Amino acid sequence: MDQQKKVRVRIAPSPTGDPHVGLAYITLFNYVFSKQNAGELVLRIEDTDRTRYRRSSEERIIRSLNWLNLKWDEGPDVGGKFGPYRQSERLDIYKKYAEDLISKGKAYRCFCTPERLSQMRQKQKDEGSRFGYDGKCRNLSSEKVNSLLAQKTPSVVRLKMPEDGVIPIRDHLRGVIEIDASQLDDQILIKSDGFPTYHLANVVDDHLMQITHVIRAEEWISSTPKHVVLYQAFSWPEPEFIHLPLLRNQDRSKISKRKNPTSLDFYRRKGVLPEAMLNFLALMGWSYGEDKEIFSLDQMLEKFSFKNVSLGGPIFDIQKLLWLNQQYIQDLSEDSFIKHIQKNLFNEGYLRNLYSLTKSRLNSFDQFVDKFSFFFSGELDYQGLSILPKNRSLTDFKKVIKNLLERLDNLDNWDEKNLKEIFQNQLQEIAWKPKEYYMPIRLMTTGTKDSPPLVETLAVLGSEIVRYRLQNSLTYLSKKA
RNA sequence: GUCCCGUUCGUCUAGCCAGGUCCAGGACACCGGGUUUUCAUCCCGGCAACAGGGGUUCGAAUCCCCUACGGGACGCCA
């Protein structure tokens, strides 16, 4: 590794939904590596996809990483001299560099419509031929380009990939990987809405922000040659690439929220200690040595080396995470133990939310914990509950709940008003009796038919817990059937 | 389909780079036993893996090749 330059690394989440365990995983290794080398860690928000953008997401990313006590030196929240740190605020920069490539003949405008591209792809799939852009607009005359532009024809900017030869990429963990240029097609750099794609924004920003090591997940390996070509087109030095293994579901596919709870907020709500989460994540791919499994972030900082990273994709095993958490709970001092419960379970803010929902249902306070346990627990016991409405098939029911989950996933602001709207809309669409719809949801999310008003209750419970319980009870129903 | 990456107990992994000390070590889970008036903790024990084949070598989990399997990528997503 380059000894001269100060180590600068970055994490580049896109604010599209729940902050993910994968983000924490990558952040951990970036953090450790930067600290170990007296370097700097940058948080850069990659908000270039307007359709998937969720306004609340950036704040949640920051909150989740703060929960884990992983701090960065530069970012949209703390500033820094290489800002702005949100890509949506850097559009002029990307535009300028894209124009630069066009003028150097290394990129070109493409007027192909999305329809044509998807037809092309379909045809390629049917014929079993090579996938990728066919280069239709690659050699348009400048008159043609200008006239199309004058007509305001929507266009994108594409990078001209070399037509032959091999593109070597250097991965710190895997060595040199040679990719045949024929495998690559002309990537879009600027979308028709003027926003850059990941490839352009990422390379430009990594360069301008003087990133020395790109530590990211393995799924990026196959995009790396595109990035290498971009670095070459700009005549910029490449950073060192370090691709970490991908976290996996039980079935070994890339970890996903469909098959696992992946939201950091979920684990926080469940009562996993941040120290335990970091320790667990560190164990995914890295080993401390000496048969030592329980160690602090500081201890990891002393011992960490990429040499001890293993490349097989580790399965995210919640059982082991919980065992680790248990070990950390054992070691909590009396004060920290009490503080944790007060802060996370019975904190004033949460209790205030419960006040109006629970007050009228108590004739003495000793009923509180028992009656409202679902406000404090993670998963519920569905044993003995008849969730499935009479006269509805399991298949139909599952379809409805899955659809509901999708809507909830995409909900940006988790509040009574929005929830109510989602429920009303769906109920109207499926035209079930209200009771057939609301009661199962109530059972699934609270484990009891005697709960405070549903929407208010769900609003208080929060997105992670509610979605997890819906998912969970669906699994329970499938197993039972 | 094409390309790329990977492959040690069910799971996380040590060992591999510098071949012998590995009939493969630790941890989770599981099973059994003990301590505990219950439960949990804790302690002890057990089960369980070098993907397959070929080569190199006196000797291969370790080096090389092939195959299989798993995964990822092939988007106006990141």
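For clarity, every value in this text was computed on a predicted model and none was experimentally measured. Note: hydrogens, waters and symmetry copies are ignored here, and every other heavy atom, side chains too, is used. Chain identifiers are assigned alphabetically (A, B, ...) following the order of the sequence lines, protein sequences preceding nucleic acid strands; residue numbering begins at 1 within each chain.
For the pair A:Asp317 CG and B:C12 P, the interatomic distance rounds to 8 Å; values are reported in whole Å. What separates NE2 of A:His243 from P of B:C5 is a distance of 12 Å, to the nearest Å. When rounded to the nearest whole Å, the span between NE2 of A:His227 and C1' of B:C4 equals 15 Å. Atom CG in A:Asn249 sits about 16 Å away from atom P in B:G70, given to the nearest Å. Here B:C12 presents its C1' atom at 15 Å from CG of A:Leu311, a figure rounded to the nearest Å. Residue A:Leu324 contributes atom CG, which lies 10 Å from atom C1' of B:C12 at whole-angstrom precision. Between A:Leu244 atom CG and B:G6 atom P there is a gap of 14 Å when expressed in whole angstrom units. One atom, NZ of A:Lys307, and another, C1' of B:G15, lie 16 Å apart when rounded to the nearest Å.
For B:C58 and B:C65, the C1' atoms lie 22 Å apart once the distance is rounded to whole Å. Between B:C23 and B:C42, the two P atoms lie 32 Å apart (nearest whole Å). One C1' atom belongs to B:U41, the other to B:G34, and the distance between them is 14 Å to the nearest Å. Comparing the C1' positions of B:G55 and B:G70 gives a spacing of 25 Å, expressed to the nearest Å. Comparing the P positions of B:U21 and B:U37 gives an interatomic distance of 48 Å, to the nearest angstrom. The gap from the P atom of B:A24 to that of B:G52 amounts to 15 Å, rounded to the nearest Å. B:G19 and B:C50 have their C1' atoms separated by 15 Å, given to the nearest Å. Taking atom P on both B:U35 and B:A40, the two are 15 Å apart, rounded to the nearest angstrom.
Remark: A:Arg268 does not engage A:Glu464 in a salt bridge, criterion side-chain N to carboxylate O under 4.0 Å. Ion pair A:Glu58/A:Arg60 not flagged as a salt bridge, since none of the NZ, NE, NH1 or NH2 atoms sits closer than 4.0 Å to an Asp/Glu carboxylate oxygen. No salt bridge links A:Asp186 with A:Lys160; every basic N to acidic carboxylate O contact stays at or beyond 4.0 Å.
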All N/O pairs under 3.5 Å across the protein-nucleotides 42-53 of chain B interface:
none

Dump every N/O contact between nucleotides 60-67 of chain B and the protein below 3.5 Å, one line per pair.
none

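Sequence neighbours left out, not one pair with a member in residues 317-339 of chain A passes ring-ring contact (aromatic ring centres under 6.0 Å, His included). Within the structure, every pair that satisfies the ring-ring contact (aromatic ring centres under 6.0 Å, His included) test and touches residues 93-121 of chain A, not counting sequence neighbours, is listed here: A:Tyr97-A:Phe234, A:Tyr97-A:Trp236.
Of all nucleotides present, none satisfies the Watson-Crick or G-U wobble test against B:U41 with each distance under 3.5 Å. Here B:U11 sits opposite B:A27 as a Watson-Crick or G-U wobble pair (both hydrogen-bonding atom distances under 3.5 Å). Base pairing of B:U2: its partner is B:A73, meeting the Watson-Crick or G-U wobble criterion (both donor-acceptor distances under 3.5 Å). Across the strands present, B:C58 finds its partner in B:G20; the criterion is a Watson-Crick or G-U wobble pair with both atom distances under 3.5 angstrom.
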task: Any chance you could list the contact pattern along nucleotides 71-78 of chain B? Use B for base contacts, S for sugar-phosphate-only contacts and - for none, protein heavy atoms under 4.0 Å, 5' to 3'.
output: SSSBSBBB

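Side-chain to base pairing of A:Lys320 with B:A29: no donor and acceptor N or O lie closer than 3.5 Å to each other.
Evaluation of the salt bridge (Lys or Arg N to Asp or Glu O under 4.0 Å) rule for A:Arg469 yields no partner, not counting sequence neighbours. In this structure, the salt bridge (Lys or Arg N to Asp or Glu O under 4.0 Å) partners of A:Asp134, at least two apart in sequence or on a different chain, are A:Arg116. Applying the salt bridge (Lys or Arg N to Asp or Glu O under 4.0 Å) rule to A:Lys303 yields the partners A:Glu290; only residues at least two apart in sequence or on another chain are considered. When the ring-ring contact (aromatic ring centres under 6.0 Å, His included) test is applied to A:His243, no partner is found at least two apart in sequence or on another chain. Contacts of A:Arg55 classified as salt bridge (Lys or Arg N to Asp or Glu O under 4.0 Å), with partners at least two apart in sequence or in another chain: none. Partners of A:Trp414 according to the ring-ring contact (aromatic ring centres under 6.0 Å, His included) rule, which considers only residues two or more places apart in sequence or in another chain, do not exist here.
For the atom pair CG (A:Asp49) and OG1 (A:Thr197), the distance works out to 11.0 Å, reported to the nearest 0.5 Å.
Residue A:Met284 places its side chain closer to B:C12 than to any other of B:C4, B:C12, B:G26.
Across all strands, A:Gly289 comes closer than 4.0 Å to no nucleic acid atom at all (heavy-atom distances).
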Give every donor-acceptor pair under 3.5 Å between a side-chain atom in residues 311-322 of chain A and any protein atom, sequence neighbours left out.
from	atom 1	to	atom 2	distance (Å)
A:Asp317	OD1	A:Gln319	N	3.1
A:Lys320	NZ	A:Glu293	OE1	3.3
A:Lys320	NZ	A:Glu293	OE2	3.4

